[in-house]
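Worksheet for the structure shown next.
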Amino acid sequence: MSKKVRVRFAPSPTGPLHIGGVRTALFNYLFAKKHNGDFVLRIEDTDQNRYVEGAEDYIVKSLNWCGIPFDEGPTSTTLSTSSKNEKFGPYRQSERKHLYKQYADQLIAEGKAYYAFDTAEELNAHRKQHEAEGKTFIYNWHNREKGRLVNSLVLSQEETQAKLEAGDDYVVRFKSPQDETLQLKDIIRGDISIDTNILDDKILFKSDGMPTYHLANIVDDHLMEITHVIRGEEWLPSLALHKLLYDAFGWEAPEFAHLPLILKPTGKGKLSKRDGDKLGFPVFPLAWTDPKTNEVSRGYKEDGYFAEAVVNFLAFLGWNPGTEQEIFSLEQLVNDFDLARVNKAGARFDPDKTKWFNHHYMQQQLDLELAAEFQAKNILLKDIDVNYIALVVGLIKERATFVSDFWELSHFFFVSPTDYDEKASKKALKEGTDEILNKVIELVNSTEDFTVENLQANIKGWITDNDIGFGKVMMPLRLALVGALQGPDVFDIMYMIGKAETVKRIDALVKTI
RNA sequence: GCUCCGUUGGUCAAAUGGUUUAAGACGCCACACUUUCUAUGUGGAAUUAAGGGUUCAAUUCCCUUACGGAGUACCA
């Protein structure tokens, strides 16, 4: 009885996919998979002027990186097999161009749409004039037949025909109804009622021969048998028009869900590209180089975020499971996702929480994999055994958020300290420290089986037996090994760098005292 | 301006008329970890925008105001 669920993500290729767009894609994907449905990628490139080279490719790569591949779309992906679909494709609106005109014509023939010949300049003039009078210019029944506008409703059939044959530029406008109240339904927001008198006669077909978004999206959603339209809140004001169009064609409309916006972390408005640069976090999944300006925008991937972390925090922007669980794998999200639990209000983006998610997912990664990544990013590690690096990573990753934090956290496992932190020295080096350290050298040297346990037993035993105080020994010892008062357990460090290096470093510090 | 949508701590948010002195998380602060710490643990401060209703009872329903957001293109 119920049709197969089919949803679409329909970005336009005007640049890199914004993180808000990624969330829209994610919610579509989750909803589709939850209901064993299809997730379709459709490229809305009806505006050639705004087409940007590489944007479509970027969108596909981004979805794949996030692990939310589409089932149907313009190109095949590594993660998804079907690319062209006889029944529903093609998936670029520019390649579907031939489909749209007949639908516009159909509406004209039925008196539900009409030709309009007004130029952009004329319309601008009308808007300005209305504004000057404190009124709002609406191209609908208020004005369309008052004679100031040039369209097939005021022109005679012959005049209209003559203009068309003369090759005059024209657009097709939808004739929106007068004095009706529309009852609209949104899965997230519930019932919405709209007075049709405030609706514009929106352009369905542009003078360049391309449909507008409004026409194309209705035709395509119908032809592609889309059952649920899940999109950003910025489309809510267009919902009435879209419903009217479905009715005009006599088609069953899909269900709609309008997602809340993602807002700036501080200040006002929705999250924009500039915020990332200003506040120091990415707003794009992958880095993007603008083909015209060569300006580079950073991406989550390149900044060291794990895809799982990005997906997890994105899912929680506007949605929550209603339980205390916050860590969700993609599969768990698919299982628990529910549009009914999506919030209505816009969510402010929180970069700190994003980092916290990343820290969490960092702990789940395999040390060896992290080590390989760490090694690849540091020339100094080129010749070091990756297994040794993995052991180091195991000791320090709990205090790291990104792989790029590793070096600062672990350099002393690879190179001897060249200087000593001033504040730390003051704190650690006291009267008699040199004697203590010399004794520690003896203890280290006398530890035959050089293990963490033996070192600990020897040194801690000596400290307690002689009632010296841990701080007096451990702090200068740490300073000698690290060069500062930081890092993991000192015994772990000694074990890792080995007996000879340990002695060398302690001796080096003693010599500076 | 007009239209629509929204409003629980600094942020994300739970609780959809009644064991709520309003969960939890991030962030912040304090303390602890008889050795550091950016980690971990424990604790703490901090919220129902305002005013009216409806009701025995309102964070929850209704109205007004304020504030926020979106839309208002031959852009999507």
Side-chain angles (χ1 to χ4, degrees), chain A residues 10-14 44-47 49-50 93 116 118-120 123-124 127 130-131 134-138 169-173 184 186 188-189 192-195 197-200 202-208 210-214 216-217 231-240 258 260-261 263 265-266 268-270 313 316-327 343-357 359 363 396-401 405 408-409 424 427-428 460 463 469-479 482 484-491:
Chain A
S12 64
T14 54
E44 310 242 329
D45 54 353
T46 50
D47 185 0
N49 299 325
R50 297 208 310 158
Q93 289 185 327
D118 316 272
T119 65
L123 292 174
N124 271 334
R127 287 197 188 93
H130 274 72
E131 205 177 316
K135 291 190 284 193
T136 307
F137 175 76
I138 308 180
D169 274 355
Y170 70 90
V171 299
V172 176
R173 283 182 183 271
L184 306 171
D186 180 275
I188 295 167
R189 281 149 222 282
I192 300 164
S193 61
I194 298 280
D195 175 4
N197 288 339
I198 53 106
L199 259 30
D200 246 349
K202 280 284 181 233
I203 291 175
L204 302 178
F205 211 81
K206 300 186 273 188
S207 58
D208 65 359
M210 288 292 264
T212 60
Y213 166 84
H214 299 296
N217 115 85
R231 71 220 311 190
E233 189 185 328
E234 66 269 26
W235 293 111
L236 200 50
S238 304
L239 179 58
H258 290 89
L261 263 11
L263 275 15
T266 54
K268 297 175 176 182
K270 65 174 177 179
F313 88 74
F316 270 73
L317 243 29
W319 173 84
N320 78 83
T323 65
E324 289 189 8
Q325 183 181 351
E326 289 204 272
I327 300 301
N343 274 307
K344 298 181 181 76
R348 219 175 263 270
F349 180 78
D350 184 354
D352 281 330
K353 187 109 185 207
T354 313
K355 286 185 181 160
W356 177 81
F357 273 114
H359 174 263
Q363 310 316 310
I396 53 105
K397 73 171 178 183
E398 70 173 19
R399 54 202 71 195
T401 301
D405 296 335
E408 196 186 328
L409 255 18
K427 198 173 165 193
K460 283 192 174 175
I463 293 170
F470 278 87
K472 275 184 166 167
V473 180
M474 303 305 278
M475 285 212 276
L477 182 51
R478 177 178 292 280
L479 185 67
V482 176
L485 292 182
Q486 54 166 263
D489 191 275
V490 281
F491 298 104

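Order of the sequence lines sets the chain letters (A, B, ...), proteins ahead of strands, with each chain counted from 1.
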Would you indicate what Glu44(A) reaches in the nucleic acid, counting non-hydrogen atoms under 4.0 angstrom: base, sugar-phosphate, or nothing?
sugar-phosphate

Remember a base hit wins even if backbone is also touched, and classify Phe316(A) as base, sugar-phosphate or nothing at under 4.0 Å, heavy atoms.
sugar-phosphate

Would the distance check show the side chain of Asp200(A) and the main-chain N or O of Lys202(A) forming a donor-acceptor pair, the cut-off being under 3.5 Å?
no

Under 4.0 Å, heavy atoms only, any strand: does Ile396(A) hit a base, just the sugar-phosphate, or nothing?
nothing

Hey, does Arg127(A) reach any base, or is it just sugar-phosphate, or nothing, if we go heavy atoms under 4.0 Å?
sugar-phosphate

Counting any heavy atom closer than 4.0 Å, what does His258(A) reach on the DNA or RNA strands: base, sugar-phosphate only, or nothing?
nothing

Taking pairing as Watson-Crick or G-U wobble with both contacts under 3.5 Å, can you name the mate of U3(B), or confirm there isn't one?
A70(B)

On a whole-Å scale, what distance lies between the C1' atoms belonging to U60(B) and G18(B)?
11 Å

Partner nucleotide of C31(B) by Watson-Crick or wobble geometry (both distances under 3.5 Å)
G41(B)

Which part of the nucleic acid, if any, lies within contact of Gly232(A), taking any heavy atom under 4.0 Å across all strands shown: a base, the sugar-phosphate backbone alone, or nothing?
nothing

Applying a 4.0 Å non-hydrogen cut-off, can you work out what Thr354(A) is touching in the nucleic acid: base, sugar-phosphate, or nothing?
nothing

Rounded to the nearest 0.5 Å, how far does NZ of Lys135(A) lie from CZ of Arg127(A)?
15.5 Å

Could you let me know what C75(B) is paired to, Watson-Crick or G-U wobble, both distances under 3.5 Å, or none if it's on its own?
none

For Lys270(A), is there an ion pair with Glu233(A) - N to carboxylate O distance below 4.0 angstrom?
no

Is the ring pair Phe357(A)/Phe316(A) parallel, tilted or perpendicular, if the boundaries are 30 and 60 degrees?
tilted

What is the distance from atom CG of Asp208(A) to atom CG of Asp47(A), rounded to the nearest 0.5 Å?
8.0 Å

Within the 4.0 Å heavy-atom criterion, would you say Gly269(A) contacts the bases, only the backbone, or no part of the nucleic acid?
sugar-phosphate

Over all strands shown, is Asp489(A) touching base, sugar-phosphate only, or nothing at heavy-atom distances under 4.0 angstrom?
base

Closest to the 5' end of RNA chain B, once Gly318(A) and Lys206(A) are matched to their nearest nucleotides, is Gly318(A)

Distance (rounded to the nearest 0.5 Å) between Tyr213(A) OH and Lys206(A) NZ:
13.0 Å

Base, sugar-phosphate, or nothing: which does Arg50(A) touch, judged by heavy atoms less than 4.0 Å apart?
base

C1' atom, A23(B) versus A14(B): distance in rounded Å?
6 Å

Which part of the nucleic acid does Arg348(A) contact within heavy-atom distance under 4.0 Å: base, sugar-phosphate only, or nothing?
sugar-phosphate

Assign Lys270(A) to base, sugar-phosphate, or nothing according to its heavy-atom contacts below 4.0 angstrom with the strands shown.
sugar-phosphate

Could you give the distance separating G9(B) and G68(B) at their P atoms, to the nearest angstrom?
16 Å

Which residues pass the side chain to side chain contact (heavy atoms under 4.5 Å, CB included) test with Ser193(A), not counting sequence neighbours?
Thr181(A), Gln183(A)

C1' atom, G41(B) versus C62(B): distance in rounded Å?
48 Å

Counter-base of C61(B), judged by Watson-Crick or G-U geometry with both distances under 3.5 Å:
G53(B)

Only pairs with both distances under 3.5 Å count, Watson-Crick or wobble alike; so what is the partner of U47(B) in this structure?
none

Which value, in whole Å, describes the distance between the P atoms of nucleotides U7(B) and A49(B)?
9 Å

Regarding Leu263(A), tell me which of base, sugar-phosphate or nothing describes its non-hydrogen contacts under 4.0 Å with the strands shown.
nothing

Would you give me the side-chain donor-acceptor pairs under 3.5 Å for residues 469-478 of chain A, sequence neighbours excluded?
| residue | atom | partner | partner atom | Å |
| --- | --- | --- | --- | --- |
| Arg478(A) | NH1 | Gln486(A) | O | 2.7 |
| Arg478(A) | NH1 | Gly487(A) | O | 3.0 |
| Arg478(A) | NH1 | Pro488(A) | O | 3.1 |
| Arg478(A) | NH2 | Pro488(A) | O | 3.1 |

Gap separating the OG1 atom of Thr46(A) from the CZ atom of Arg50(A), nearest 0.5 angstrom
9.0 Å

If pairing means Watson-Crick or G-U wobble with both distances under 3.5 Å, then the partner of U16(B) is none

Mapping Asn343(A) and Arg399(A) onto RNA chain B by nearest heavy atom, which one lands closer to the 5' end?
Asn343(A)

What contact category does Asp118(A) fall into here, base, sugar-phosphate, or nothing, at under 4.0 angstrom with non-hydrogen atoms?
base

Spell out, as yes or no, whether a donor-acceptor pair under 3.5 Å connects the side chain of Glu398(A) to the backbone of Gln363(A).
no

If we call it a pair only when both distances are under 3.5 Å in a Watson-Crick or G-U wobble match, what pairs with A25(B)?
U11(B)

Which whole number of Å gives the distance between the C1' atom of C12(B) and that of G71(B)?
26 Å

In whole Å, measure the gap between the C1' atoms of U47(B) and U55(B) for me.
25 Å

Distance between P atoms of U36(B) and G24(B) (Å, rounded):
30 Å

Going 5' to 3' along RNA chain B, which nucleotides are the first and last within contact of chain A (any atom under 4.0 Å from a heavy atom)?
G1(B) to A76(B)

